[in-house]
Amino acid sequence: ASGEVVIKYNMYKEKFEVKDGQLTAKAIDEVYCLSEVMPNCKIHLSEHNTEEKYKVESAGGTFEYVFEDPPGTFQHLDPDKEYFVHIMEDEKEFRKAQEEARQK
């Protein structure tokens, strides 16, 4: 399916064009610039927000993300739906940022 989906991240809520149910993490990053703030991060999508993710994982469940094939290309997105961005920070970059913050 083609059309637009709404992608939410924190206070951001932008529409993105979906073609054949697909959208790339790169397209999201070009708008939200997430990799500038968190270098080498991985962008994932879900129909559920961060609060719901925490509840599922706290209960020992497995949180479901939108299927990616290949990684970074989201599949089976439904136009007119909202999806939430979930970031997996690169461990090395995260530690580096923590060390820089400690030194300030």
Side-chain angles (χ1 to χ4, degrees):
S2 298
E4 289 183 329
V5 294
V6 172
I7 304 294
K8 297 176 103 178
Y9 180 71
N10 290 338
M11 65 207 158
Y12 303 108
K13 183 179 177 179
E14 300 289 335
K15 289 183 179 180
F16 288 82
E17 193 68 33
V18 171
K19 186 173 181 182
D20 299 326
Q22 296 182 344
L23 175 66
T24 64
K26 182 179 180 196
I28 295 168
D29 195 37
E30 285 174 0
V31 173
Y32 289 156
C33 303
L34 299 167
S35 64
E36 286 183 28
V37 180
M38 296 169 277
N40 301 317
C41 68
K42 301 284 184 246
I43 297 171
H44 301 288
L45 292 181
S46 177
E47 293 182 34
H48 307 285
N49 64 27
T50 306
E51 188 176 305
E52 293 170 277
K53 178 180 188 277
Y54 176 75
K55 285 179 187 174
V56 168
E57 291 179 344
S58 293
T62 301
F63 187 73
E64 290 188 24
Y65 294 104
V66 171
F67 179 64
E68 299 176 39
D69 184 32
T73 301
F74 306 105
Q75 303 289 335
H76 316 299
L77 298 177
D78 292 326
D80 304 319
K81 254 190 163 176
E82 287 188 345
Y83 294 91
F84 297 87
V85 171
H86 295 272
I87 301 296
M88 302 292 180
E89 279 194 72
D90 179 77
E91 188 66 32
K92 185 177 171 186
E93 291 293 338
F94 176 75
R95 285 195 193 121
K96 181 178 161 187
Q98 291 291 303
E99 187 58 37
E100 288 172 3
R102 266 190 219 103
Q103 293 174 6
K104 288 183 180 178

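Predicted model only: the values in this text are computed from it and were never measured. Positions are given from 1 along the sequence.
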Taking only residues two or more places apart in sequence or in another chain, which ones pass side chain to side chain contact (heavy atoms under 4.5 Å, CB included) with [X]?
{"X": "Phe84", "answer": "Lys8, Asn49, His86"}
{"X": "Lys15", "answer": "Glu4, Val6"}
{"X": "His48", "answer": "Ser46, Glu52, Phe63"}
{"X": "Gln98", "answer": "Phe94, Arg102"}

Polar side-chain atom of Thr24 near backbone of Thr73 as donor-acceptor pair, under 3.5 Å: no
Heavy-atom donor-acceptor pair, Asp29 side chain to Ser35 backbone, under 3.5 Å: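 Side chain of Asp29 to backbone of Ser35, a donor-acceptor pair under 3.5 Å: yes, one is there.
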What closest approach, in Å, do [X] and [Y] show between heavy atoms, and which atom pair accounts for it?
{"X": "Val5", "Y": "Asp78", "answer": "CG1-O, 3.3 Å"}
{"X": "Tyr32", "Y": "Lys13", "answer": "OH-N, 3.7 Å"}
{"X": "Tyr65", "Y": "His44", "answer": "CD2-CB, 3.6 Å"}
{"X": "Leu77", "Y": "Pro79", "answer": "O-CD, 3.5 Å"}
{"X": "Phe74", "Y": "Ile43", "answer": "CZ-O, 3.4 Å"}
{"X": "Ile87", "Y": "Cys41", "answer": "CG2-CB, 3.8 Å"}

Qualifying salt bridge (Lys or Arg N to Asp or Glu O under 4.0 Å) pairs with a residue from residues 55-71, counting only residues at least two apart or across chains: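 As it turns out, the salt bridge (Lys or Arg N to Asp or Glu O under 4.0 Å) pairs with a partner in residues 55-71, which skip direct neighbours, are Glu51-Lys55, Lys53-Glu57.
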Stepwise salt bridge (Lys or Arg N to Asp or Glu O under 4.0 Å) test for Glu89 and Lys42: CA-CA 6 Å; Glu89 279 194 72; Lys42 301 284 184 246; over 6 Å; no
Contacts of type side-chain hydrogen bond (donor to acceptor under 3.5 Å, both in side chains), residue Gln75, not counting sequence neighbours: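 Partners of Gln75 under the side-chain hydrogen bond (donor to acceptor under 3.5 Å, both in side chains) test: Gln22.
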Heavy-atom side-chain proximity of Leu45 to Ile7 below 4.5 angstrom: yes
hydrophobic_cluster_shared for Tyr54 and Val85, side chain cutoff 4.5 Å: no
Single-linkage hydrophobic cluster, 4.5 Å side-chain cutoff, Tyr83 and Tyr12 together: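 Looking at the clustering, Tyr12 is in the same group as Tyr83.
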